[in-house]
J.: 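Got a structure here, written out as structure tokens. Questions coming.
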Amino acid sequence: MNKSILVNGTFRSGSGAINDYLSSRTDFCNPFGEKEFRLISDPMGLNNLYNLCYVNKSLLNSGYGFEVYLSYINNLQNYNIYLARGVKGKLYNNNLKKFTNQFINKITKINYYAVPHYTRVNFNTKSKIMYSLGLKLNKKNHEMKITNIITPKNNKIFIKESRIYIEKILKYASLFKVNSKNVVLNNAIDVMNPIDSSRYFKNPKIIIVTRDPRDIFSSMKVGGAGAAPNYNVKIFVEWYKHYFGSKDFKKSLKNKKILHVKFENFLNNFDYENERLCKFIGVKKNFILKKNCIFDLNTSKKNIAKSKKNLKKSEIKLIEKKLINFLQW
């Protein structure tokens, strides 16, 4: 792969429209189609593993990190999605666990078994009984092989091997085959920490999408939002200000490695925004769309200012008052 285009946004930000546009071009491909690639950015994902190993270091943090990550990968391997209406299938094929084990073997420096306190605290009744029986039989902790503690090699090796690992997943363990030099991924990194969480890609191009908070809350309220406050406008306003009004987030939008795209501008001034987008990525602004592509500019435009129909006047008034500096139309 030549370039990884990482399209990221706040919940219900409209980043999917930019993802759909790029994915629909013949010079780009998306290994996961309309689905998000969350393996890195999820709280139990690869970036969390890195932080537990090298940022929040302790004697046992790395061991716990690997334990959590492997459990996450096991669940992800069995994670089903709807490939079409009424048709379920796996987001990742069976290569995911294989590539994960290869990656962990490459970065492991020390590996041993133990029964640390955090493991014993989380024992269920069956585990407590088995552990007690093991001690009575004079078996040593390592012979019971309860918790595998891994100490990784240095962070440079971790980054080097993680890039190989991610590229393998995208090429051979994803939903669709990678047949282009330019790969598009939706919400693959942490929008609150985009630079650090993009280090697992060789040549990332980071795009952060923002949208008018009135329409964000409207979309959350109508369509649901599994990870954000979609039921109470007062909580939403405080939540939005806390994260997207923070100095760190504002600073990231000005970073030269990041292109900030406003959802409304992208749709209403498509020619200009497309030129700006293509210049940032390093591709031609002229494009050919694939047959049966999922991007439709006019359909996406209908999502602008939908909050006027979907929200109460009191909700709109509160958002306009409390989030006046974030309004985009």
J.: Between atom CZ of F28 and atom CG of N179, what is the distance when rounded to the nearest 0.5 Å?
T.: 13.0 Å
J.: Where the side chain of N61 meets the backbone of N56, is there a donor-acceptor pair that is under 3.5 Å apart?
T.: yes
J.: Is the shortest heavy-atom distance from the side chain of I81 to the side chain of L175 under 4.5 Å?
T.: yes
J.: Could you please spell out the steps behind the side chain to side chain contact (heavy atoms under 4.5 Å, CB included) verdict for N148 and E67?
T.: CA-CA 7 Å; N148 188 13; E67 182 181 357; over 6 Å; no
J.: Treating N187 as the side-chain partner and G9 as the backbone partner, does any N or O pair qualify as donor plus acceptor under 3.5 Å?
T.: yes
J.: With rounding to the nearest 0.5 Å, note down the distance linking OH in Y200 to CZ in F158.
T.: 5.5 Å
J.: Are the side chain of N155 and the backbone N or O of Y54 linked by a donor-acceptor pair below 3.5 Å?
T.: no
J.: Ignoring hydrogens, what is the shortest heavy-atom contact between S252 and I258? Give both atom names and the distance.
T.: O-CD1, 3.2 Å
J.: Does S198 use its side chain to pair, donor to acceptor, with the backbone of I195 at less than 3.5 Å?
T.: yes
J.: So does G282 get a backbone contact from the side chain of K3, meaning a donor-acceptor N/O pair under 3.5 Å?
T.: yes
J.: May I ask you to decide if V261's main-chain N or O and N265's side chain share a donor-acceptor pair within less than 3.5 Å?
T.: no
J.: Under 3.5 Å, is there a donor-acceptor pair between the side chain of Q328 and the main chain of E264?
T.: no
J.: Does a side-chain heavy-atom distance below 4.5 Å link M192 with D248?
T.: no
J.: Between K202 and R163, is there a donor-acceptor pair closer than 3.5 Å when you use the side chain of the first and the backbone of the second?
T.: no
J.: Counting heavy atoms not belonging to Y79, are there more than 12 under 6.0 Å from its OH?
T.: no
J.: Out of curiosity, does Y72 fall in the hydrophobic cluster containing Y165 (side-chain heavy atoms, cut-off under 4.5 Å, transitive links)?
T.: yes
J.: When you compare the side chain of N48 with that of Y69, does any pair of heavy atoms fall below 4.5 Å?
T.: no
J.: What is the distance from atom CG of L59 to atom OG1 of T151, rounded to the nearest 0.5 Å?
T.: 8.5 Å
J.: May I ask whether I73 and L91 are part of the same hydrophobic cluster, defined by side-chain heavy atoms of I, L, V, M, F, W, Y residues being less than 4.5 angstrom apart, directly or through others?
T.: yes
J.: With F326, which of Y243, Y240, F249 fulfils ring pair (Phe, Tyr, Trp, His ring centres under 6.0 Å)?
T.: Y240
J.: Side chain of N122, backbone of Y118: donor and acceptor closer than 3.5 Å?
T.: yes
J.: Taking 4.0 angstrom as the limit, do E36 and R38 come out as a salt bridge?
T.: yes
J.: Do NZ/NE/NH1/NH2 and the carboxylate oxygens of E161 and K153 come within less than 4.0 Å?
T.: no
J.: Looking only at side-chain N and O atoms, does N30 offer a donor or acceptor that is under 3.5 Å from a partner on S23?
T.: yes
J.: If you compare all heavy atoms of S300 against all heavy atoms of L267, which two are closest, and at what distance to 0.1 Å?
T.: O-CD1, 3.5 Å
J.: If you measure only the distance, is there a donor-acceptor pair under 3.5 Å linking the side chains of S307 and D215?
T.: yes
J.: Just verifying a value: how many Å separate I166 CD1 and L46 CG, rounded to the nearest 0.5 Å?
T.: 5.5 Å
J.: Are R199 and N47 side-chain neighbours, meaning at least one heavy-atom pair lies under 4.5 Å?
T.: yes
J.: Taking a hydrophobic cluster as the set of Ile, Leu, Val, Met, Phe, Trp and Tyr residues connected by side-chain heavy atoms closer than 4.5 Å, whether directly or through intermediates, do L289 and F270 fall within one such cluster?
T.: yes
J.: Using 30° and 60° as the class boundaries, would you call the ring planes of F236 and F217 parallel, tilted or perpendicular?
T.: tilted
J.: To the closest 0.5 Å, what do you measure between NZ (K97) and CG (L70)?
T.: 9.0 Å
J.: Is it true that, when you exclude K308 itself, more than 12 heavy atoms of the residues, nucleotides or ligands shown sit nearer than 6.0 Å to its NZ?
T.: no
J.: Out of curiosity, does I40 fall in the hydrophobic cluster containing Y172 (side-chain heavy atoms, cut-off under 4.5 Å, transitive links)?
T.: yes
J.: Ignoring hydrogens, what is the shortest heavy-atom contact between R120 and V115? Give both atom names and the distance.
T.: NH1-O, 2.6 Å
J.: For a ring-ring contact (aromatic ring centres under 6.0 Å, His included) check, start with the C-alpha distance between F244 and F11, then their side-chain angles and the critical distance, and finish with the verdict.
T.: CA-CA 11 Å; F244 308 113; F11 297 123; 7.8 Å; no
J.: How about Y272 and R276: does a side-chain donor come under 3.5 Å of a side-chain acceptor?
T.: no
J.: Any chain of hydrophobic side-chain contacts (each under 4.5 Å) joining L96 to V183?
T.: yes
J.: Which pair of heavy atoms, one from P204 and one from L6, lies closest together, and at what distance?
T.: CB-CD1, 3.8 Å
J.: Are N95 and I169 packed together at the side-chain level, in the sense that at least one heavy-atom pair is separated by less than 4.5 angstrom?
T.: no
J.: Does any part of the side chain of D212, heavy atoms only, come nearer than 4.5 Å to the side chain of I304, both counted from C-beta?
T.: no
J.: Is a side-chain N or O of D20 found less than 3.5 angstrom from the main chain of I294, in a donor-acceptor match?
T.: no
J.: Between T210 and H260, is any pair of side-chain heavy atoms under 4.5 Å apart?
T.: yes
J.: For the residue pair P152 and F66, establish whether any side-chain heavy-atom pair is separated by less than 4.5 Å.
T.: yes
J.: Taking all atoms of both residues into account, what is the closest heavy-atom pair of A305 and W329, and its distance?
T.: CA-CZ2, 3.7 Å
J.: Measure across R211 and S219 and return the closest heavy-atom pair with its distance rounded to 0.1 Å.
T.: NH1-CB, 4.0 Å
J.: Regarding Y50 and D196, is there a side-chain donor-to-acceptor distance under 3.5 Å anywhere?
T.: no
